[in-house]
Amino acid sequence: MSFASVFIVSAYPQRLHISLDGQWEFVRVKSLDEPPPNQGWQPIQVPGTIYGYNYERAWFRQKFFAPEAWRHYRLTLHFGGVKYNSRVFVNGKYVGGCFNGYDAFELDITDAVRFGAENELLVGVHDWTGVFVGDRVDFEKERRPVLRERPQDRVIAPIGGRF
């Protein structure tokens, strides 16, 4: 599970940005359907990586200040990539996500931002096994043993690209 660069861009009338790269916090969880816990958060650098491959999930969080002067601008949150399956919240409001991880993506966060105040950005991520829908996949039922730790001869995650 990894992040590329993250920044907020104000669009019209001039393009300004706030980089959110640097020190974040993260916590591993069993489910992204539950609110993030209050305890267990650890520091992490973004861009950065935590390793997970067994249906692991984690929350990342960062606080940022949105200047009052930006109140009448559209604000876009730009991710250089978030592997693999992400959910993004600003001040508790769901603003979108991305299913892939190799592609950069942007989300309009204007309606969720508090201007002239501190804001909280939460990003829930799911490791590569997030490409499976529903319950866990039982790899023991394969014709031959499959090592869960290291996928060997199959593409099990989408590979980025644009049409």
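Positions are given from 1, in the same order as the sequence printed here.
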May I have the list of side-chain donor-acceptor pairs in residues 34-47 shorter than 3.5 Å, sequence neighbours left out?
| unit_1 | atom_1 | unit_2 | atom_2 | d |
| --- | --- | --- | --- | --- |
| W41 | NE1 | P37 | O | 2.8 |

| query | Is V125 reachable from V27 through a run of hydrophobic residues whose side-chain heavy atoms are each under 4.5 Å from the next? | reply | no
| Looking only at heavy atoms, which two atoms of R57 and K30 are closest? And how far apart? | NH1-O, 3.2 Å
| Taking only residues two or more places apart in sequence, or in another chain, which ones meet R61 in a salt bridge (Lys or Arg N to Asp or Glu O under 4.0 Å)? | E25
| For Y94, ring-ring contact (aromatic ring centres under 6.0 Å, His included) partners two or more places apart | F89
| Side-chain contact, heavy-atom cut-off 4.5 Å: R28 with E56? | yes
| request: In sequence, state the C-alpha distance, the side-chain angles, and the governing distance for L121 and F64, and then conclude on side-chain contact (heavy atoms from CB on, under 4.5 Å). | output: CA-CA 8 Å; L121 171 61; F64 66 92; 4.1 Å; yes
| message | Count I, L, V, M, F, W, Y as connected when their side-chain heavy atoms are under 4.5 Å apart, and connections chain through other members. Are L107 and L122 then in the same cluster? | response | no
| Are side-chain heavy atoms of S86 and F105 found at a separation under 4.5 Å? | yes
| message | Are V88 and F79 packed together at the side-chain level, in the sense that at least one heavy-atom pair is separated by less than 4.5 angstrom? | response | yes
| message | So, taking the atom named NE2 in H126 and the one named OG in S31, what distance separates them when rounded to the nearest 0.5 Å? | response | 8.5 Å
Which atom pairs, one a donor and one an acceptor, fall under 3.5 Å between side chains of residues 108-115 and the rest of the protein, sequence neighbours left out?
| unit_1 | atom_1 | unit_2 | atom_2 | d |
| --- | --- | --- | --- | --- |
| D108 | OD1 | R74 | NH2 | 3.3 |
| D108 | OD1 | T110 | N | 2.9 |
| D108 | OD1 | T110 | OG1 | 2.8 |
| D108 | OD2 | R74 | NE | 3.3 |
| D108 | OD2 | R74 | NH2 | 2.8 |
| T110 | OG1 | L75 | N | 2.6 |
| T110 | OG1 | L75 | O | 3.4 |
| R114 | NH2 | N91 | OD1 | 3.3 |
| R114 | NH2 | E118 | O | 3.1 |

| With no hydrogens and no angle check, is any side-chain donor or acceptor of E120 less than 3.5 Å from a backbone partner on V90? | no
| said: Evaluate D33 against R87 for salt bridge (Lys or Arg N to Asp or Glu O under 4.0 Å), listing each step before the verdict. | reply: CA-CA 10 Å; D33 295 327; R87 301 176 185 185; 3.0 Å; yes
| message | If you compare all heavy atoms of L32 against all heavy atoms of W59, which two are closest, and at what distance to 0.1 Å? | response | O-CZ2, 3.5 Å
| Can you tell if the side chain of V123 reaches within under 4.5 Å of the side chain of W24, non-hydrogen atoms only? | yes
